[in-house]
Visitor: 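Okay, here's the structure, questions in a sec.
What you see is a predicted model, and the numbers here were worked out from it, not measured in a lab.
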Amino acid sequence: MGRKFRTGFDSLLKEYPSLLLEVRQKGLMMGLQYTNEIHRSRLTKKMAERGVIAIYTGNDPSICRLMPSLVITPEEVDFVLDALSGSMKELSGERPGQE
């Protein structure tokens, strides 16, 4: 499942370079580094609206932490990646200060 996530993250890195700077991953412990801290609460909110709980880390608010259950299914990985993609698409179309 970690590799499935990584494939999706690599696509998002290419598609949204203005939002996503880097992906840090060790298995299913994943961190998505935003290009700007301002995206943290906006992306977290958009993910929650799509049914995915993702929080930014306490020690670096430019990183969104994803730590799904170790028994996550391929369909659930797709659900998370779709939510992330939709959230980033929506966020990339907004102007700064718009929410």
Visitor: List the atom of His39, the atom of Ser18, and the distance in Å for their closest heavy-atom pair.
Guide: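 Looking at all heavy atoms of both residues, the closest pair is NE2-O, 4.0 Å.
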Visitor: So do the side chains of Thr35 and Leu20 get within less than 4.5 Å of each other, counting heavy atoms only?
Guide: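 A side-chain contact under 4.5 Å is absent here.
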Visitor: Closest approach of Met1 and Thr73, non-hydrogen atoms and distance?
Guide: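 That would be SD-C, 3.8 Å.
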Visitor: Is a side-chain N or O of Arg65 found less than 3.5 angstrom from the main chain of Met30, in a donor-acceptor match?
Guide: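 No.
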Visitor: Could you measure the distance from the CG atom of Leu19 to the CZ atom of Arg42? Nearest 0.5 Å is fine.
Guide: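 One gets 8.5 Å once the value is rounded to the nearest 0.5 Å.
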Visitor: Please say yes or no: joined through hydrophobic side-chain contacts below 4.5 Å, possibly via intermediate residues, are Val52 and Ile55 part of one cluster?
Guide: no
Visitor: With Pro17, which residues qualify under side chain to side chain contact (heavy atoms under 4.5 Å, CB included), at least two apart?
Guide: none
Visitor: Would you compute the distance between atom NZ of Lys89 and atom NZ of Lys46 and round it to the nearest 0.5 angstrom?
Guide: 13.5 Å
Visitor: Check whether any side-chain heavy atom of Leu32 lies under 4.5 Å from a side-chain heavy atom of Leu66, and answer yes or no.
Guide: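 When only atoms from C-beta onward are counted, Leu66 and Leu32 do touch, with a gap below 4.5 Å.
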Visitor: Going by the salt bridge (charged side-chain N to carboxylate O under 4.0 Å, His left out) test, which pairs reach into residues 66-84, not counting sequence neighbours?
Guide: Lys4-Asp78
Visitor: Run the ring pair (Phe, Tyr, Trp, His ring centres under 6.0 Å) test against Phe5 and tell me which residues pass, sequence neighbours left out.
Guide: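 For Phe5 the ring pair (Phe, Tyr, Trp, His ring centres under 6.0 Å) partners, ignoring immediate neighbours, are Phe9.
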Visitor: Any idea which heavy atoms bring Met47 and Ser87 closest together, and the distance?
Guide: N-OG, 3.5 Å
Visitor: Just to verify, which of Leu43, Leu91, Ile63, Leu21 counts as forming a side-chain contact (heavy atoms from CB on, under 4.5 Å) with Tyr34?
Guide: Leu43
Visitor: Taking side chain to side chain contact (heavy atoms under 4.5 Å, CB included) as the test, write out the residues that go with Glu15, two or more places apart.
Guide: none
Visitor: Identify, with sequence neighbours excluded, every residue that meets side chain to side chain contact (heavy atoms under 4.5 Å, CB included) alongside Ser11.
Guide: none
Visitor: In chain order, what residues pass the side chain to side chain donor-acceptor pair (under 3.5 Å) check against Gln25, with sequence neighbours excluded?
Guide: none
Visitor: Return the set of residues passing side chain to side chain donor-acceptor pair (under 3.5 Å) with Arg6 (not counting sequence neighbours), or none when no residue passes.
Guide: Asp10
Visitor: Listed by chain and number, what are the side chain to side chain contact (heavy atoms under 4.5 Å, CB included) partners of Ser85, not counting sequence neighbours?
Guide: Leu12, Tyr16
Visitor: Kindly state each residue pair satisfying salt bridge (charged side-chain N to carboxylate O under 4.0 Å, His left out) with at least one member in residues 18-31, sequence neighbours excluded.
Guide: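 Listed once each, the pairs are Glu22-Arg24.
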Visitor: For Asn36, enumerate each residue passing the side chain to side chain donor-acceptor pair (under 3.5 Å) test, keeping only those at least two apart in sequence or located in another chain.
Guide: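 Side chain to side chain donor-acceptor pair (under 3.5 Å) check on Asn36 returns nothing, list empty.
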Visitor: Are Leu81 and Val71 connected into the same hydrophobic cluster when the rule is that any two of I, L, V, M, F, W, Y join if their side-chain heavy atoms are below 4.5 Å apart?
Guide: no
Visitor: Given Lys45 and Glu90, is the salt bridge (charged side-chain N to carboxylate O under 4.0 Å, His left out) satisfied, shown in steps?
Guide: CA-CA 12 Å; Lys45 180 181 177 198; Glu90 188 176 335; over 6 Å; no
